[in-house]
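To start, the structure itself, in structure tokens.
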Amino acid sequence: MNKVYSHKDVEERIYQEWEEKGYFAPEVNPKGKPYSIILPPPNANAPLHFGHAMYVIEDILVRFNRMMGKSVLWLPGADHAGFETQFVFEKKLQAQGKSRFDYDREELYRMIWDFVQGNRPVMENQLKRLGFSLDWNRKKFTLDKDIIKIVHQTFKNLYDDGLVYRAKRLVNYCTHDGTSFSDLEVIYEERKNPLYYIKYGPLVLATTRPETKFGDTAVAVHPDDKRYKEYIGKELDIETVLGKAKIKVVADEMVDPQFGTGVVKITPAHDFNDFEVAQRHNLPMVQVIGFDGKMNEKAGKFEGLFAKQARKIIVGEMEKKGLIEKIDENYIHRIGLCYKCKNPIEPLPLEQWFIKMEPLAKPAIEAVRSGKIKIYPKNMDKLYFQFLENIKDWNISRQIVWGIRIPAWQCVRCAQNQKYNNSTIQQSNNDGWIVTSGEIPEKCSTCDSTDLIQDNDAFDTWFSSGQWPFATLKTSKPGDFEKFYPTTVLETGYDILRFWVARMVMLGEYEARQVPFENIVLHGLVNDPLGKKMSKSKGNAVNPIELVDEYGADAVRFALVYGTALGNDQSLSYPKLEAMRKFTNKLWNMARFIDMNRTQNSKVKTQNNLTIEQLSNLAINESDKAMIEKTAKLTKGITTLLEKHDFNHAAQGLYDFIWHEFADIYIENVKNRIDENSFLILNSLFLILLKLLHPFMPFVTEEIYKRLWSKKDHLIISKWPSFAKASEG
RNA sequence: GGGCAUUUAGCUCAGUGGUAGAGCGCUUCGUUUACAUCGAAGAUGUCGGGGGUUCAAGUCCCUCAAUGCCCACCA
């Protein structure tokens with residue numbers, strides 16, 4: 001054995017051996033108790049980012065349980081990541097001077113498909129470099145035909161159960177990216193924008209968006225506001241930049257008398273609050289901004305201007321006409337932005353598919369409250385409840401081509417008969433829509449017309465990934481769903497608890513009739529060495545594979561779980577990576593020491609692995625006896641910690657014991673008195689430690705096993721050490 | 001406006017009511033054969049501030065402060 005451990009000569013070779021032997025498949029332990037984890041499918045649009053390296057937690061669990069003799073399935077996959085992938089692809093197009101408008105739907109879809117297929121092997125290879133023992137024969141993609149079929153069916157079932165409806169509502173719309181979003185995808189930032197005080201006849205009101213005034217269908221005051229009591233219910237004659245107009249005054253609790261002048265303009269088509277006020281007071285809705293972000297014909301001479309440009313010009317004209325009382329230039333408020341392109345979200349009225357969430361959220365809340373699903377770390381359940389207890393209906397329509405197209409067709413004839421009046425707010429299912437589980441309907445079920453048009457929209461990606469646990473298991477190998485559902489653990493970053501985890505619980509309970517997993521394990525985020533969030537655009541993102549190259553996968557894996565409490569964020573630490581690399585080298589040299597002390601006689605005996613019990617009977621020397629006892633205790637401790645998902649303490653316990661107990665004290669002690677008997681003990685104890693460490697550092701432990709014990713067998717499928725003789729406490 | 005997390009050695013962070021811990025860094029010493037990617041010894045802490053409970057508090061309770069994150073319709 002070489003004096004220095006070189007991970008580069010070991011890792012890829014070992015991984016290949018494992019994979020070729022089929023060790024990653026549950027069939028390795030066919031009779032074992034099922035244990036399953038579905039890998040959170042990484043986005044297929046880019047190489048792995050550092051967060052993906054945290055999936056090491058799953059590999060630790062998977063390897064531990066495999067050694068415990070369970071039938072372990074860890075199923076890999078990739079997410080088409082609808083809008084995000086289309087966004088990334090559009091940037092590529094942009095770099096070539098092209099845009100999505102240069103291609104038709106099919107062409108664009110095919111181009112993105114090819115792009116994604118090119119990325120997938122890169123991503124998969126990176127997961128392998130980290131040593132993840134995923135069953136690659138079962139890998140799934142969210143756009144596999146059989147997965148799409150399941151997603152369609154779920155949608156159809158929800159529709160038939162009245163849990164999906166189509167409605168024209170205000171949605172979060174990004175006029176830059178040309179699609180709507182769910183509430184979760186809007187981020188909020190503080191911005192300084194002028195607050196304009198505008199004269200509306202006898203009243204003055206404050207607004208940040210004067211350009212939407214052509215869509216005003218009322219002004220509102222608080223019902224108890226004495227200042228304005230006389231105006232309530234009356235119509236005001238007002239002067240505007242487009243001439244004279246009339247506007248109604250309504251009273252609504254939503255108005256805060258303390259803010260501005262206590263008068264609010266009501267623009268139902270462009271503000272979420274106003275939309276609700278309009279519903280309460282039966283006010284008409286007038287859309288003045290189009291989906292291209294430009295003012296429409298309702299804005300008269302301002303038509304064609306982008307809303308932001310129009311604002312300046314309109315304010316200018318208002319000032320000339322004396323309609324502006326004052327402008328507060330230092331007004332700070334929070335505005336909604338597109339989480340991807342950071343342009344302001346424009347609330348716009350649009351017909352979309354919505355899922356009624358409350359009936360789905362209730363059982364999901366109950367599943368965690370009752371303990372059917374356990375969350376680690378425990379305090380994260382607050383995030384979960386907070387989301388589900390205040391849940392709103394989910395807009396699942398996206399105006400994108402990259403994704404699963406919604407299996408809904410509209411009958412042209414029926415639609416014309418019940419055409420939406422732009423000035424009313426409607427919610428209806430009876431407007432000529434036909435929802436199927438994927439197949440193209442032959443004719444309209446109401447009027448028999450064959451003039452049907454499919455909805456252009458695709459599902460929100462999270463709608464399909466929300467079905468991932470049952471969709472994958474129902475389509476991987478026959479019997480997988482029956483054997484592995486519900487899965488044992490869902491492990492992911494806490495940042496997608498609401499986006500993904502909560503939705504999986506809801507959709508899993510709905511469609512698969514059972515919770516999708518028994519345990520939720522949440523890890524924290526990995527920040528850069530200065531504690532700042534890693535991001536590509538900021539340029540501080542670290543490629544995990546570069547670190548694997550430099551320090552070895554074992555060191556990277558160990559550094560990520562050592563010294564960080566589960567669920568806490570951590571900053572990438574190069575000294576820690578270096579320390580863990582040294583630990584792999586230390587192990588290597590412990591192995592060298594043992595290897596060098598092997599005599600001809602012991603070569604035969606150490607073929608058989610001795611259990612703690614056998615070792616206890618063998619031990620004569622007092623410090624041997626003590627070490628056997630300590631190792632048994634450690635085994636028990638590590639086992640318990642892993643069962644409790646306490647990876648940090650398991651890692652620390654192993655590190656401290658192996659280095660500072662076993663190497664610094666025990667090996668130093670044995671060194672001077674080594675004989676046949678003590679060698680057998682030393683050798684066997686070391687193997688126990690290698691096994692305990694294997695889930696954390698699979699490569700170096702496997703390589704040592706190969707050198708010292710067996711060229712044929714592998715540690716990965718060896719039996720977890722027993723600790724029957726460990727004393728209590 | 002709510003909620004959550006964090007605050008422990010110079011730095012990065014563990015800490016499960018019972019004599020303050022690790023890694024890196026620092027000081028001194030040590031290389032004839034497991035490892036200098038090492039070993040031995042050592043220095044460094046009013047555990048954010050202030051109250052309280054307890055025989056005993058870094059740990060439990062209250063309060064204040066700083067930092068970070070999440071949620072919320074203030075036009």
Side-chain angles (χ1 to χ4, degrees), chain A residues 1-6 170 183-184 187-188 193 195-198 205-210 212 216 219-220 252 254-267 270-277 331 333-336 347 377 379-383 385-387 389-390 494-495 497-498 524-525 527 529-533 551 555 558-559 561-597 640-641 644 646 648-649 651-653 655-656 659-660 663-665 667-668 670-671 686:
Chain A
M1 286 173 83
N2 202 307
K3 230 173 150 178
V4 174
Y5 172 66
S6 167
L170 281 204
D183 295 338
L184 292 183
I187 56 168
Y188 291 88
N193 280 318
L195 182 64
Y196 305 95
Y197 286 75
I198 302 173
L205 58 77
T207 180
T208 51
R209 303 204 58 187
T212 63
D216 293 354
V219 294
D252 197 282
M254 156 271 211
V255 181
D256 175 3
Q258 308 297 318
F259 185 90
T261 59
V263 184
V264 185
K265 69 195 211 51
I266 301 300
T267 323
H270 299 292
D271 183 279
F272 288 103
N273 291 320
D274 295 1
F275 182 85
E276 281 175 20
V277 172
Y331 179 61
H333 64 153
R334 285 162 68 79
I335 61 165
N379 62 349
M380 293 279 183
D381 63 3
K382 290 198 177 72
L383 265 172
F385 291 130
Q386 186 183 34
F387 173 57
E389 282 164 1
N390 303 298
Y494 66 79
D495 55 326
L497 183 66
R498 293 170 303 140
L525 311 180
N527 294 319
L530 299 173
K532 297 264 179 282
K533 194 175 172 175
Y551 298 96
F558 212 75
V561 293
Y562 180 102
T564 304
L566 185 66
N568 277 7
D569 293 351
Q570 61 177 312
S571 302
L572 187 65
S573 161
Y574 290 99
K576 191 155 92 175
L577 284 163
E578 185 59 25
M580 294 316 159
R581 195 179 63 80
K582 288 181 180 176
F583 184 46
T584 59
N585 194 58
K586 183 75 183 177
L587 283 164
W588 185 253
N589 279 290
M590 289 162 72
R592 281 184 68 215
F593 172 77
I594 289 171
D595 198 39
M596 286 171 172
N597 282 285
T640 310
L641 288 170
K644 289 198 301 192
D646 189 346
N648 167 39
H649 287 110
Q652 288 202 17
Y655 181 96
D656 289 345
W659 199 316
H660 301 301
D664 288 350
I665 298 172
I667 290 184
E668 290 304 320
V670 174
K671 211 181 222 173
F686 187 54

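When reading the values below, keep in mind they use all heavy atoms of this one structure, side chains included, and skip hydrogens, waters and symmetry mates. Since the structure is predicted, the reported quantities are computational estimates derived from the model, not experimental observations. Chain letters run A, B, ... following the sequence lines, proteins first and then strands; every chain starts at 1.
Distance alone, capped at 3.5 Å, is enough to place a donor-acceptor pair between the Lys576(A) side chain and the Tyr562(A) backbone.
Separation of the C1' atoms belonging to rG21(B) and rG58(B) is 12 Å when rounded to the nearest angstrom. Nucleotides rG23(B) and rA65(B) place their P atoms 38 Å apart, quoted to the nearest Å. Only the C1' atoms considered, rC62(B) is 22 Å distant from rC55(B), to the nearest whole Å. rG45(B) sits 15 Å from rC13(B) when the C1' atoms are compared, rounded to a whole Å. Of the C1' atoms belonging to rG68(B) and rC73(B), the separation is 25 Å, rounded to the nearest Å. With both ends at atom C1', the span from rC69(B) to rG49(B) equals 24 Å, rounded to whole Å. Spacing of P atoms, rC64(B) relative to rG25(B), comes out at 42 Å, to the nearest Å. Rounded to a whole angstrom, the distance from the C1' atom of rG15(B) to that of rU6(B) is 15 Å.
Residues passing the side-chain hydrogen bond (donor to acceptor under 3.5 Å, both in side chains) test with Arg209(A), sequence neighbours excluded: Glu211(A), Glu346(A).
Regarding Leu383(A), its CG atom lies at a distance of 10 Å from the P atom of rA5(B), rounded to whole Å. Straight-line distance from the NZ atom of Lys382(A) to the P atom of rC4(B): 6 Å, rounded to whole Å. For the pair Leu525(A) CG and rG68(B) P, the computed distance is 16 Å after rounding to whole Å. In this structure, CG of Asp381(A) is placed 13 Å from C1' of rG3(B), rounded to the nearest angstrom. Spacing between atom CG of Leu497(A) and atom C1' of rA5(B) amounts to 15 Å, rounded to whole angstrom units. In this structure, Met254(A) places its CE atom 8 Å from C1' of rC74(B), rounding to the nearest Å. Regarding Asp252(A), its CG atom lies at a distance of 13 Å from the C1' atom of rC74(B), rounded to whole Å. Rounding to whole angstrom units, CG of residue Asp495(A) and P of rC70(B) are separated by 10 Å.
Distances were taken from every side-chain heavy atom of Gln386(A) (C-beta onward) to each of rG2(B), rC73(B), rA72(B); the shortest belongs to rG2(B).
Note on ring orientation: taking the six-membered ring where Trp is involved, the planes of Phe558(A) and Phe583(A) are tilted (angle from 30° to 60°).
rU37(B) makes up no base pair with any nucleotide shown, lacking Watson-Crick or G-U wobble contacts both under 3.5 Å. Of all nucleotides present, only rG52(B) satisfies the Watson-Crick or G-U wobble test against rC60(B), with each distance under 3.5 Å. Look at rU31(B): it lacks any Watson-Crick or wobble partner with both distances under 3.5 angstrom. The nucleotide rA14(B) finds no pairing partner, because no Watson-Crick or G-U wobble arrangement with both distances shorter than 3.5 Å includes it. Pairing of rG68(B), defined by two Watson-Crick or G-U wobble distances under 3.5 Å, is identified with rC4(B).
Gln386(A) and Asn390(A) share no donor-acceptor pair across their side chains, judged by distance under 3.5 Å alone. Using modelled atom types and a 3.5 Å distance limit, the side chains of His660(A) and Asp664(A) yield a donor-acceptor pair.
Rounded to the nearest 0.5 Å, atoms CG (Leu497(A)) and CZ (Phe387(A)) are 9.0 Å apart. Taken to the nearest 0.5 Å, the CG atom of Asn193(A) stands 4.0 Å off from the NE2 atom of His333(A). Between the CD1 atom in Ile667(A) and the CH2 atom in Trp659(A) there is a gap of 12.0 Å [rounded to 0.5 Å]. Distance check: Tyr197(A) OH to Thr207(A) OG1 gives 11.0 Å after rounding to the nearest 0.5 Å. Expressed to the nearest 0.5 Å, how far OG1 of Thr212(A) lies from CG of Asp271(A) amounts to 8.0 Å. Here the straight-line distance linking atom NZ of Lys265(A) with atom CG of Asp216(A) works out to 3.5 Å at 0.5 Å rounding.
Within 4.0 Å of Phe259(A), counting heavy atoms only, lies at least one base atom of the nucleic acid. Using a 4.0 Å heavy-atom criterion, one finds that Ala579(A) contacts the sugar-phosphate atoms exclusively. Contacts of Phe583(A) with the nucleic acid, taken as non-hydrogen atoms under 4.0 Å apart, are absent. Contacts of Val255(A) with the nucleic acid, taken as non-hydrogen atoms under 4.0 Å apart, include base atoms.
Within the 4.0 Å cut-off from OP1 or OP2 of rA5(B), at least one side-chain nitrogen or oxygen of Asn379(A) is found. Considering only side-chain N and O atoms, Arg498(A) lies under 4.0 angstrom from the phosphate OP1 or OP2 of rC71(B).
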- Message: Generate the contact string for nucleotides 26-44 of chain B. Rules: B means base contact, S means sugar-phosphate contact only, - means no protein heavy atom under 4.0 Å.
- Response: --------BBSBSSS----
- Sugar-phosphate atoms are those with a prime plus P, OP1 and OP2; base atoms are the rest. Using that split, label each nucleotide of nucleotides 8-17 of chain B B, S or - for protein heavy atoms under 4.0 Å, 5' to 3'. -----SSS--
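Under the 4.5 Å side-chain criterion, counting only non-hydrogen atoms from C-beta, Leu205(A) is in contact with Thr261(A).
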